[in-house]
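Note sheet for the following structure.
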Protein chains: 2
Amino acid sequence: MAITAEALPEVTATIADRIFDQLRQAIVEGEIPPGSKISEPVLAARFGISRGPLREAMRRLESSSLVERKPNVGARVITLTSEQLLEIYVIREALEGMAARLAAEHMSDAAIADLKRLLAQHRNDVAQEEWQAYFQKEGDLDFHFRIVQGSGNRRLANILCNDLYHLARMYRCQFGMKSDRARDALKEHELVVDAIAERDGELAEWLMRRHIRASRKATERRLAAMRPSDT
Amino acid sequence: MAITAEALPEVTATIADRIFDQLRQAIVEGEIPPGSKISEPVLAARFGISRGPLREAMRRLESSSLVERKPNVGARVITLTSEQLLEIYVIREALEGMAARLAAEHMSDAAIADLKRLLAQHRNDVAQEEWQAYFQKEGDLDFHFRIVQGSGNRRLANILCNDLYHLARMYRCQFGMKSDRARDALKEHELVVDAIAERDGELAEWLMRRHIRASRKATERRLAAMRPSDT
DNA sequence: GTCAATATTATTGTCGACAATTTTGGTTTC
DNA sequence: GAAACCAAAATTGTCGACAATAATATTGAC
């Protein structure tokens, strides 16, 4: 599933755009490991292109905060720290809470019915234990993705889908993330959808925020367990 | 006042970065009017540079959603619609509400004292009617800026300061924006700061959200008054 | 006279090469 | 032996030129 806010424009015309997509995927999935220096000549050679389009793609990656760049020195893939990951959760709590509120107001009945079907599918998956952690989490993103789309606020959707979700996915690829929270998360998803179906925006926001907060706390616990020597 | 999240790096080394700043300012302040096509050759000539750095700057402007770009066609300065402006208010309500909550938890006593001094200054300005609407609004942005910085969440601050605040400022330059809400807004600011001073994060968030919602409603009324034939 | 097809022009996209800065390696000196 | 200084190599930043695509103007046919 491609996570983009706009309708995906089939074949992207320009090389820079295509390279941007490929590089983003490579970075998010860890193929280009965090902290590694990005050499323009070798990357250009690897993709068989010139440095011009590559630099334009890098500028976009920089704006997405997937690479850090120092003038006259070069670019490195970012290394997500625990603090930065938790910062993202806080922002998602604010934005997706608002998105749930808006979705309750704007989402069409048909879209809500679709969403319910998706949750039924997830419920089935969880019941049958057919959820490798990875796929479960992708399903989780799928749920959040639909709520955000349902908000009807395109800029809100862009912020989440173009940047934050990629960063979240990058973190999940970096650490193993076999969530033992699947059952709880699913229950929380159902509550959110119920509130949306009843057009109760205030409740939907409250439930979504609590859901993301719970995910953040679970992540905090996991981080604390991984590195007990850290601050 | 330069609105940037990072500590401004004095003289930006590379041309592309400098051009990005200049172009952003020119677009935000309306020097390059909304909807106008951006021709790479003429702009490059105007700045006395080559097209390479210019294109890199354009890619960053695209990421900031200040220009829209179609492959093989070119880039145009965006034209903020009423709907887009209101979308921004909604996002600010979510993000700055969260920022106020975090500020109540993280801001230092010294920073809060500074903030109170700033509000006292504003109060004085308003009492003396020394507030051309424009300056008042800049003061407004200054207030919001400090809260966001006080949140301690760097990514949150980046989203607001690097993108949303520029868009808000662009709109204000586009339409005259002589706010008659200065007195009310100031009162609302004071309530937010009081809540922060008392370390009441929940209340601070609630007050900040109500404040931004009130600003949005005022803008909605102004928009409705300007174009009564619109939907 | 109007519409359509075609040729021309202009603009964007891409490339290779040069200049400037940084990093690295070596040499010298204390 | 270590530190500092200098030189060489590599990398980034910038530029001008070519290729490909889209917009425009022209010409022809009906």
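Residue numbers start from 1 in every chain, and the chains themselves are labelled A, B, ... in the order their sequence lines are given, proteins ahead of strands. Just so you know, these numbers come straight off a predicted model, no measurement behind them.
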Classify the nucleic acid contact of A:I38 as base, sugar-phosphate or nothing, counting any heavy atom under 4.0 Å across all strands shown.
sugar-phosphate
Could you give the CZ-to-P distance, from A:R59 to D:dT14, as a whole number of Å?
8 Å
Using only side-chain N and O atoms of A:T14, determine if any of them is under 4.0 Å from OP1 or OP2 of C:dT12.
no
Beyond-backbone contact of A:R59 with A:L54, side-chain heavy atoms, under 4.5 angstrom
no
What is the distance, to the nearest angstrom, from the CE atom on A:M58 to the C1' atom on D:dG13?
13 Å
Write down the distance between NZ (A:K37) and P (D:dT12), rounded to a whole number of angstrom.
4 Å
By nearest atom, which of the nucleotides D:dT14, D:dA23, C:dT14 is closest to the B:R55 side chain?
C:dT14
Under the side chain to side chain donor-acceptor pair (under 3.5 Å) rule, what do B:T219 and B:Y89 come out as? Steps first, then yes or no, please.
CA-CA 10 Å; B:T219 302; B:Y89 271 105; 3.1 Å; yes
How many Å lie between CG on A:N72 and P on D:dA9, as a whole number?
21 Å
Just how far, in rounded Å, is C1' of D:dA17 from CD of B:E40?
15 Å
Heavy-atom nearest nucleotide on DNA chain C taken for A:R51 and for A:A16; more 5' hit belongs to A:A16
Atom CG of A:L54 and atom C1' of C:dG13 are separated, to the nearest Å, by 15 Å
Using every non-hydrogen atom in the two residues, find where B:E87 and A:R154 come nearest and quote the distance to one decimal.
OE2-N, 3.2 Å
Looking only at non-hydrogen atoms, find the nearest pair between A:E96 and A:M208 and report the distance.
O-CG, 3.5 Å
Gap between atoms CZ and P, on B:R76 and D:dA23 respectively (whole Å)
11 Å
From D:dT12, D:dT14, C:dC15, nucleotide with atom closest to A:P41 side chain
D:dT12
Rounded to whole angstroms, how far apart are CD on B:E62 and P on C:dT12?
14 Å
